[in-house]
Amino acid sequence: QTTITHAFRDAVAFLLLAAKERQVSDIHLVPREREGGGDVRFRIFGHLVTFKTYASPSHWDDLVKEVKRRAGLSFERGVAQDARFSDALTRCDYRVSLIPVRVGERQAEQIVLRILPQDATYSLDALTIPFAAKEALRRALALDQGLIILTGPTGSGKTSTLMSALMAVDRARYSVLTLEDPVEYVLEGVTQIQVTAKLTFAEGLRAFLRQDPDYIL
């Protein structure tokens, strides 16, 4: 059964809008063990908070179905899936990951949506990181050679920091190549490559070194 009521189309639209207004980086749809329903959890500034709980199993199933419909995912159960979709109301793209999970005695599905604002702009000046760290990054980017390693937990701003660093580079003067999985934001003046089964990180890096690069991400 894949029929979805208009109420749950509105419910998903409401969730996407609420997440955008709260500066959420990820939306988690987590099935619950006993009730058969589930929790909608928002990752806000690195921490997960429960935004809404669906106690009714049928309501939860309808919510999951509507997310799968929007993302173009198969309604087949028991398989991991990935997809991407856009929403005109929130002006965001959403990267969707679905995995089959065991919840108590039943099979269920857990879905995570990564939110990618279409109107996002990147600059080192706009980063909310300590001034000393920002200046250290500027100095590192200006060196003739070197390696910058950026780490941190989910939702801590790694992608935003990396994109801002690339935008600080003189892309008209230098060759800038990125190897990403996945490519989340399209950057003007940057050659971006998507990792695939046929083009791994190792193979891509070897190919990049023959492309006369100045900067590699």
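Keep in mind it's a predicted model, so treat the numbers as computed, not measured.
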Given side chains that start at C-beta, do those of [X] and [Y] come closer than 4.5 Å, heavy atoms only?
X: S74; Y: Q81; result: yes
X: R70; Y: D87; result: yes
X: V112; Y: L29; result: no
X: S175; Y: Y215; result: no
X: Q194; Y: P182; result: yes

Does [X] reach the main-chain N or O of [Y] with its side chain, forming a donor-acceptor pair under 3.5 Å?
X: K68; Y: L73; answer: no
X: E203; Y: T200; answer: yes
X: S160; Y: G157; answer: no
X: Q192; Y: Y185; answer: yes
X: R22; Y: F42; answer: no

Between side-chain atoms of residues 141-150 and protein atoms elsewhere (two or more places apart, or another chain), which donor-acceptor pairs fall under 3.5 Å?
none

Residues that, via side-chain heavy atoms closer than 4.5 angstrom, fall in one hydrophobic cluster with L177: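 Noted: L177 shares its cluster with L179, I193, V195, L199, F201, L205, F208, L209, I216.
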Counterpart residues, side chain to side chain donor-acceptor pair (under 3.5 Å), relative to R171 (two or more places apart):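 With sequence neighbours excluded, R171 shows a side chain to side chain donor-acceptor pair (under 3.5 Å) to no residue whatsoever.
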Counterpart residues, side chain to side chain donor-acceptor pair (under 3.5 Å), relative to R43 (two or more places apart):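 If we apply the side chain to side chain donor-acceptor pair (under 3.5 Å) test to R43, skipping adjacent residues, there are no hits.
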Check: residues 46-53 side-chain donor-acceptor pairs under 3.5 Å, at least two apart:
{"unit_1": "T53", "atom_1": "OG1", "unit_2": "D39", "atom_2": "OD1", "d": "2.8"}

Mutual orientation of the aromatic rings belonging to F85 and Y94 [parallel < 30°, tilted 30-60°, perpendicular > 60°]: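 F85 and Y94: parallel rings.
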Atom pairs and distances, side-chain donor-acceptor, residues 13-20, under 3.5 Å, sequence neighbours left out:
{"unit_1": "K20", "atom_1": "NZ", "unit_2": "T90", "atom_2": "O", "d": "2.8"}

